[in-house]
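Since the structure comes first, as structure tokens, the remarks are kept for the end.
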Amino acid sequence: MSDLSRRSFLGGLAAVPAAGCAQLFADPDPAPATATRAGRRPVVIASGNGWWPEPGRASAVETAMKVIRDPARMAKRYGLLEAVVEGLAVQEDDPTDHSVGLGGLPNEDGVVQLDASVMYGPTHQAGAVGALENIQNPARVAMSVLRYTDHSFLVGKGAYDFARAMGLPHTELLTEEARQIWLYWRQKHSENDDWIAPPDDEVPQAIRDQVTWGTIHVSAVAPDGSIACGTTTSGLSWKIPGRLGDSPIVGAGMYCDNDVGTAGATGRGEESIVNCGAFSVVDNMRRGLEPQEACLELLKRLATNAKKRGLFKDGKPTFNISFYAARKDGAYGSACLVEGNEFAVIDGDSPTGRREKCGWVYDK
Ligand code: GLY
């Protein structure tokens, strides 16, 4: 996963060196890092925060794979989607992941609003929730929308009331650390308001750095080729209340087609939305592109469209975004716009997950 701060990860990429950029950015030449891998079914692929190298630390890809390797659990209805949702919950429940679930960074008013969507390939159903407050596991709510309603998308208070009706607890999601990060942002935000920031040496480095680890996406292909996926996030920090990113948008933040494959996104959601990101990656695989090529092709189009709106300053991207893809046969790949991100994967009978480097369009 990127080590970029949230502001650079989702907002303004500051790490791109100036030297040689004009030519580079005028004619991007995708540089594959990890090319598409054949993979062995079953496969679970995720954003980089889907696996951790620390021994014993729970991870999304291993949690999902544990369910997939349990025939009794997979025999249940929506067993594969349950695997994805349990994987996503690892980060939703982790207060140190400041862009997902508990501990997610809030909107500009200091309120945590969560977005999530899930999709189940065998029945081609989707469920989604947006701007959901006080419910720690929005992907679980999205799965309940899919399973227990005739709708596909609930937002705001309606989504909250539905989650409570489904038995999920009311939880204060703004942790003390996230509140301090938000407060520091609020105090430093403008010279033209009445907030005064404390001197930097009175503020812990971790609060000043505002380090976050990004939205999480999980895609899974079962031993029999069935497919499911999901994405969950607290979205862009300091967003205008009510803002939805790509994560809850079916076809943008995630999408799967049981005949083809699955894809998802993390990063600058607005760019995924206007390019139908995850749908386009799956569609590229349908047209015969390998998973990593499918991601790169979409990213190049996304970059071209962003330039039309002047979103690239001096030819450099002002944001980053990553896509993850797995094909029905177990092949998988990933790519990001600007070099530096990793993705998580576990496949076949591997005992542990691992991280691999995403391909990229623009050098760092
Ligand atoms: N990709 C997450 C968001 O933009 O909210």
Side-chain angles (χ1 to χ4, degrees), residues 1-2 4-13 45-50 60 88 91-92 97-101 103-108 111-119 128-133 138-139 142 153 155-156 159 173 178 182 210-219 229-255 263-281 295 298-299 302 305-306 309 311 317-325 334-338 341 343-344 358:
M1 191 54 173
S2 167
L4 301 171
S5 73
R6 183 184 199 89
R7 289 190 71 79
S8 54
F9 184 62
L10 287 174
L13 189 78
I45 183 170
S47 42
N49 52 350
L88 293 169
Q91 290 315 109
E92 291 176 332
D97 188 329
H98 286 310
S99 70
V100 181
L105 292 181
N107 64 24
E108 66 180 12
V111 176
V112 180
Q113 292 187 321
L114 304 179
D115 306 330
S117 61
V118 299
M119 193 154 182
V129 291
L132 175 62
E133 298 177 13
F153 202 168
V155 300
L173 300 176
W182 167 77
Q210 303 171 6
V211 172
T212 65
W213 291 92
T215 300
I216 183 164
H217 168 76
V218 171
S219 275
C229 61
T231 302
T232 181
T233 190
S234 54
L236 189 63
S237 54
W238 335 135
K239 60 193 172 186
I240 296 172
R243 177 262 188 191
L244 300 179
D246 61 327
S247 303
I249 309 292
V250 176
M254 56 102 240
Y255 183 78
T266 62
R268 176 86 186 168
E270 281 74 4
E271 298 305 318
S272 178
I273 289 172
V274 295
N275 291 283
C276 300
F279 175 84
S280 297
V281 172
C295 297
L298 179 271
L299 283 163
L302 180 152
N305 288 333
R309 297 192 304 282
L311 284 179
T318 60
F319 60 92
N320 206 355
I321 184 165
S322 302
F323 286 89
Y324 316 92
S334 171
C336 52
L337 188 63
V338 181
N341 289 354
F343 65 97
C358 303

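In each ligand, atom 1 is the first atom listed, and ligand 1 is the first ligand listed. Worth knowing before you read on, the calculation uses all heavy atoms, side chains too, and leaves out hydrogens, waters and symmetry mates.
With rounding to the nearest 0.5 Å, the separation of OG1 in T266 from CG in D246 is 8.5 Å. The distance from the CG atom of L302 to the CD1 atom of I321 is 5.5 Å, given to the nearest 0.5 Å. Note: N49 CG to I216 CD1 = 4.5 Å, rounded to the nearest 0.5 Å.
For R243, the heavy-atom gap to ligand 1 drops under 4.0 angstrom.
Ligand 1 has no nitrogen or oxygen under 3.5 angstrom from a nitrogen or oxygen of G245. For ligand 1, the polar-atom distance check finds an N/O of G267 within less than 3.5 Å of one of the ligand's N/O atoms. For ligand 1, one of its N or O atoms has an N or O atom of D246 under 3.5 Å away.
Every atom of ligand 1 is numbered from 1 in the order shown, and the set under 4.0 Å from a heavy atom of G269 is 1 (N), 4 (O). Annotation for ligand 1: atoms under 4.0 Å from non-hydrogen atoms of L236 are 5 (O). Within the listing of ligand 1, atoms 1 (N), 2 (C) sit less than 4.0 angstrom from a heavy atom of S247. Contact atoms of ligand 1 toward T215: 1 (N), 2 (C) (distance under 4.0 Å to a heavy atom of the residue).
Judged purely by atom type and a 3.5 angstrom limit, T318 uses its side chain to pair as donor or acceptor with the backbone of L311.
In this structure F279 satisfies the ring-ring contact (aromatic ring centres under 6.0 Å, His included) test together with Y255, sequence neighbours excluded. For F323, the ring-ring contact (aromatic ring centres under 6.0 Å, His included) test picks out no residue, with sequence neighbours left out.
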